[in-house]
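Below: one structure, written as structure tokens.
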Amino acid sequence: MARLAGVSVTTVSHALSGRRAVAAGTRERVEQAVAQLGYRPNRAAHSLRTGVRRTISLIVPDIANPFFAELSRGVEDVAIARGFDVYLCNTDLRADREQLYLERALAVSVEGVILASTTTSAAARSLVLDLVRHRV
């Protein structure tokens with residue numbers, strides 16, 4: 001992309017991020033190269049570089065239950081409006097799956113967890129405490 005725009009990789013980065021001033025003509029050349037190449041930012045690479053995932057886990061006991069379906073839609077609407085992705089996890093009322101999803105949320109360092117639980121095991125409560133400790 002930098003070669004096509006006739007600028008350095010650093011200039012492309014500045015033009016796309018908007019964090020530093022770039023001359024209007026240069027920005028236009030970068031934007032044309034972006035359009036021509038069909039460039040899309042890689043959020044996974046960005047999260048590795050910055051440590052920010054902008055992702056939350058929503059753990060519900062039964063997505064078929066209309067209450068949890070409606071809850072999921074509301075959470076997703078708010079999250080998307082604020083630039084977050086939502087991982088929806090359905091436990092099927094199983095404590096082992098709830099624990100698994102909490103472990104995965106901790107392992108991938110999501111920004112937050114919304115846990116709608118009907119029966120949380122001692123192991124799951126411990127994982128929730130671990131999640132809280134890692135966010136403070």
Side-chain angles (χ1 to χ4, degrees):
M1 182 177 341
R3 186 178 301 130
L4 182 61
V7 298
S8 71
V9 172
T10 302
T11 300
V12 169
S13 177
H14 293 165
L16 295 178
S17 71
R19 282 184 238 142
R20 291 203 179 158
V22 175
T26 302
R27 182 179 310 282
E28 186 176 314
R29 287 198 320 271
V30 170
E31 289 171 356
Q32 287 172 352
V34 164
Q36 185 175 340
L37 296 173
Y39 170 77
R40 288 193 177 95
N42 183 323
R43 286 186 68 173
H46 182 264
S47 69
L48 285 173
R49 189 178 77 253
T50 64
V52 176
R53 294 186 49 89
R54 302 207 46 87
T55 303
I56 60 173
S57 290
L58 172 60
I59 304 171
V60 299
D62 182 8
I63 194 63
N65 179 318
F67 173 80
F68 294 114
E70 189 67 26
L71 174 75
S72 299
R73 289 198 61 154
V75 167
E76 185 178 46
D77 289 346
V78 171
I80 287 173
R82 287 168 176 75
F84 282 79
D85 293 328
V86 178
Y87 291 147
L88 176 60
C89 307
N90 181 53
T91 68
D92 283 327
L93 299 166
R94 292 177 39 193
D96 61 325
R97 285 184 74 178
E98 182 177 280
Q99 182 175 340
L100 173 69
Y101 289 135
L102 288 166
E103 288 170 352
R104 288 184 178 169
L106 188 58
V108 299
S109 300
V110 295
E111 259 63 58
V113 174
I114 299 172
L115 174 61
S117 179
T118 55
T119 57
T120 302
S121 67
R125 283 192 296 274
S126 176
L127 287 166
V128 169
L129 290 174
D130 284 347
L131 283 162
V132 170
R133 284 186 206 108
H134 282 88
R135 300 291 163 240
V136 176

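These numbers come from the heavy atoms of this one structure, side chains and all, not from hydrogens, waters or symmetry mates.
- Under the 4.5 Å side-chain heavy-atom criterion for grouping Ile, Leu, Val, Met, Phe, Trp and Tyr, L88 is connected to V75 within one hydrophobic cluster.
- Listed here is the closest heavy atom pair of R27 and H14: NH1-O, 4.4 Å.
- When all heavy atoms are compared, the tightest approach of V113 to A105 is CG2-CB, 3.8 Å.
- Around CZ of R104, the count of heavy atoms belonging to other residues, nucleotides or ligands within 6.0 Å does not exceed 12.
- Here the OG1 atom belonging to T55 is positioned 4.5 Å from the CG atom belonging to D85, to the nearest 0.5 angstrom.
- Annotation for I59 and Y101: closest pair CD1-CB, 3.8 Å, computed over non-hydrogen atoms.
- Using a 4.5 Å cut-off between side-chain heavy atoms of Ile, Leu, Val, Met, Phe, Trp and Tyr, with links allowed through other members, L106 and L100 fall into different hydrophobic clusters.
- With hydrophobic clusters built from ILVMFWY side chains whose heavy atoms lie under 4.5 angstrom apart, F67 shares a cluster with I63.
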Derivation of the side-chain contact (heavy atoms from CB on, under 4.5 Å) call for I56 and V86: CA-CA 5 Å; I56 60 173; V86 178; 3.9 Å; yes

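- Taken from CZ in R20 to OG1 in T11, the straight-line distance is 10.0 Å, to the nearest 0.5 Å.
- Shown here for A15 and V22, the closest heavy-atom pair between the two residues is N-CG2, 3.7 Å.
- Surrounding OH of Y87 are at most 12 heavy atoms belonging to other residues, nucleotides or ligands under 6.0 Å away.
- In summary, D96 and R94 engage in a salt bridge, as defined by a charged side-chain N under 4.0 Å from a carboxylate O.
- Here the CD atom belonging to E28 is positioned 10.0 Å from the OG1 atom belonging to T26, to the nearest 0.5 angstrom.
- Under the side-chain contact (heavy atoms from CB on, under 4.5 Å) criterion, L37 pairs with M1, L4, sequence neighbours left out.
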E98 and L115: CA distance, side-chain angles, deciding distance, side-chain contact (heavy atoms from CB on, under 4.5 Å) verdict: CA-CA 9 Å; E98 182 177 280; L115 174 61; 3.9 Å; yes

